[in-house]
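Structure, as structure tokens:
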Protein chains: 2
Amino acid sequence: MDDAVPNLSTAQLNYLVAITRHRTWAEAAASLQVTPSALSQGIAELERRLGVPLFATDGRRRVPHEYTATVAHAAERMLADLDQVTRWVRAVGGGQIGRLRVGMIDIAAVHYCTAALRTFRRAHPKLDVGLTVAPTGELLGRLERNELDVAVCVDPEGSGPFDSTPLLSDALAVYAPPGVAPIGPPSTWGPWLLFPSASRTRTAIDQRLRAIGAPLVVEMESHQPEVLVEMVRLGLGWTVLPTTQAEHGPHRLSRASAEPLFTRTVSAVTRRGGAQHPAVAPFVAALVAALSG
Amino acid sequence: MDDAVPNLSTAQLNYLVAITRHRTWAEAAASLQVTPSALSQGIAELERRLGVPLFATDGRRRVPHEYTATVAHAAERMLADLDQVTRWVRAVGGGQIGRLRVGMIDIAAVHYCTAALRTFRRAHPKLDVGLTVAPTGELLGRLERNELDVAVCVDPEGSGPFDSTPLLSDALAVYAPPGVAPIGPPSTWGPWLLFPSASRTRTAIDQRLRAIGAPLVVEMESHQPEVLVEMVRLGLGWTVLPTTQAEHGPHRLSRASAEPLFTRTVSAVTRRGGAQHPAVAPFVAALVAALSG
DNA sequence: CTATCTGTTCAGTAATACTTCACAATATGG
DNA sequence: CCATATTGTGAAGTATTACTGAACAGATAG
């Protein structure tokens, strides 16, 4: 009988995770800077210690079992935990200053948080604040893999292992092309120029538009609100945007209806777990102070 | 500069955890079946790879830093994850049947779930169902350390990394000694024979009794409801018990007040995390079926 | 068929972890 | 005060382990 808890190395877990992230083992080995031989032997050793084969051999190709994905996922989680606590203890115990990896959705980076970011950077000159701008879904994925220390994005509302601090409410409204007047009932609205279908905000938009009976004919999709604004100004269709993005800058749109279609909560989100980068707390506090004052 | 994610072995994490769980390093080394020298060198290697000292040296004694507890806690979590996924993959991938470790509070084991347990064991003859009976707090602790696969206990209500499936509502009522009549207002009740102060249910009982204005003079404490029932029958005082425990068997108590003092939810609780023992789901399903039908 | 990609296997070598032994610093007890 | 046990550390030797490099075998493409 094998030991209750086998003695593995993180390198072996890394092997497994790398394999799930690359199409071939050779590619995975290259990404780890080891020879394919080392990878092969490492996985064999891992299987031996777990006491269970992780890959079946189909001809020359290695095919994972159904349960292998679960093991790989657990390995990924353990490595993320290790990465998190390592960064934390180095920042704290080493007395270092370190690097704070911040993610933001575009509207937060270019509108809501610009001043707060600048102020925070000035207050912590030795802290290297790295900023990544991406949609909410991608930011949450990175947070889960511990590639970010904190993200400012749409609140995940309890889905996934996250803690969130609400920062502000963001209203989204419907905008018609210039010259459409008077505005008819929702059944006459469209066609639409919207965020891409994969986006979380888009899902919410579709839901709300359907609820009020607007036909969902989508002409174009883009992640860039400026593009959508321009297209609407050219009369190509209608759109739904955060009011701050549509009614800001030289070319403003005007609402089809005075009241917003719906509001979403923008929050500061962190990966759940005891060990956070020590600069996260002051950073979130700075955001809260800047946005409430 | 060290690697982003250092290459550790689970043995090293075990060293750190063992040290936190024993008073001296020699004791910890003995518990791991290695020499003190190996432990010392292993910790030194761990510190080297993390790039941070975990223990300061005060004379001859080694004293942990403040942040060391956090690292140890993360290590504990990673080891629990590993243990969990290892058991799971061995049960699934090895085609084994394995052992299901069930925990229950006494009332569930001897009253609510006896029939369901017997039926489930008969339906899965090759599955070794190990049953541990203990108070809720202890069961949750064991669950967190992955010493149990599932526990039937008072619902933790979101505290801790648990998922829970509600099974039933359990009413607790106040019982006076025989011959006390008529029953006066709550301010005349007592003295009390109750569960021990450390118990979760006792905390809830105290809170409710205070709320209705009953004086809290506690004569005796016991974990065993049978003992409390007997003492009340002998006229030594009043008690608060689950109605099913007090009004069952040959020597029944009668309530001081028809309506229960409060109700608690008994749930099937598991440790949160992707990899569960494959028999947990059918087991919980069997409980739900038996208790709802 | 050749060429190239895949993953495996087999040496040989470098790194690593462990035990044994010796030792320094603390108690404990007479 | 001096014995005596105990705690943690360091050094040497040994066994295990992990890696590289080369040779090998199945698969696929031109």
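Reminder, nothing fancy here: chain letters follow the sequence lines and each chain counts from 1.
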Could you go through the side-chain contact (heavy atoms from CB on, under 4.5 Å) check for L194(A) and D206(A) one step at a time?
-> CA-CA 10 Å; L194(A) 297 174; D206(A) 286 359; 4.2 Å; yes
Are any of R49(B)'s side-chain N or O atoms less than 4.0 Å away from OP1 or OP2 of dA17(C)?
-> yes
Could you tabulate the donor-acceptor pairs under 3.5 Å formed by side-chain atoms of residues 25-36 of chain A, not counting sequence neighbours?
| unit_1 | atom_1 | unit_2 | atom_2 | d |
| --- | --- | --- | --- | --- |
| E27(A) | OE1 | R23(A) | NH1 | 3.1 |
| S31(A) | OG | A28(A) | O | 2.7 |
| T35(A) | OG1 | A38(A) | N | 3.3 |

Under 3.5 Å donor-acceptor pairs involving side-chain atoms of residues 134-144 of chain A, not counting sequence neighbours:
| unit_1 | atom_1 | unit_2 | atom_2 | d |
| --- | --- | --- | --- | --- |
| T136(A) | OG1 | V154(A) | N | 3.3 |
| E138(A) | OE2 | R142(A) | NH2 | 3.3 |

Does E157(B) have any side-chain hydrogen bond (donor to acceptor under 3.5 Å, both in side chains) partners at least two apart in sequence or in another chain, and if so, which?
-> none
Residues from residues 37-46 of chain A lying under 4.0 Å of DNA chain C - heavy atoms = S37(A), S40(A), Q41(A)
The side-chain hydrogen bond (donor to acceptor under 3.5 Å, both in side chains) partners of D83(A) (sequence neighbours excluded) come to R87(A), N146(A)
Applying ring pair (Phe, Tyr, Trp, His ring centres under 6.0 Å) to F162(A) and not counting sequence neighbours gives none
Nearest-angstrom distance from the residue atom CG of N7(B) to C1' of dC19(D) = 12 Å
Got a sec, which residues hit side-chain hydrogen bond (donor to acceptor under 3.5 Å, both in side chains) with H22(B), two or more places apart in sequence or on another chain?
-> none
With sequence neighbours left out, what residues match H124(A) under ring pair (Phe, Tyr, Trp, His ring centres under 6.0 Å)?
-> F120(A)
For E147(A), enumerate each residue passing the side-chain hydrogen bond (donor to acceptor under 3.5 Å, both in side chains) test, keeping only those at least two apart in sequence or located in another chain.
-> R145(A)
Please write out each protein N/O paired with an N/O of nucleotides 28-30 of chain D under 3.5 Å, distance rounded to 0.1 Å.
none

Once you round it to whole Å, what is the distance between P of dA27(D) and CZ of R62(A)?
-> 14 Å
Can you label the angle between the H223(B) ring and the F195(B) ring as parallel, tilted or perpendicular, going by 30° and 60°?
-> tilted
Going by number, which of residues 11-29 of chain B have a non-hydrogen atom under 4.0 Å from DNA chain D?
-> T24(B), W25(B), A26(B)
Quick one: salt bridge (charged side-chain N to carboxylate O under 4.0 Å, His left out) pairs with a partner in residues 277-286 of chain B, sequence neighbours left out?
-> none
Side-chain N or O of T35(A) closer than 4.0 Å to phosphate OP1/OP2 of dC19(D) | no
Taking atom P of dT16(C) as reference, at what distance in whole Å does atom CG of L8(B) sit?
-> 12 Å
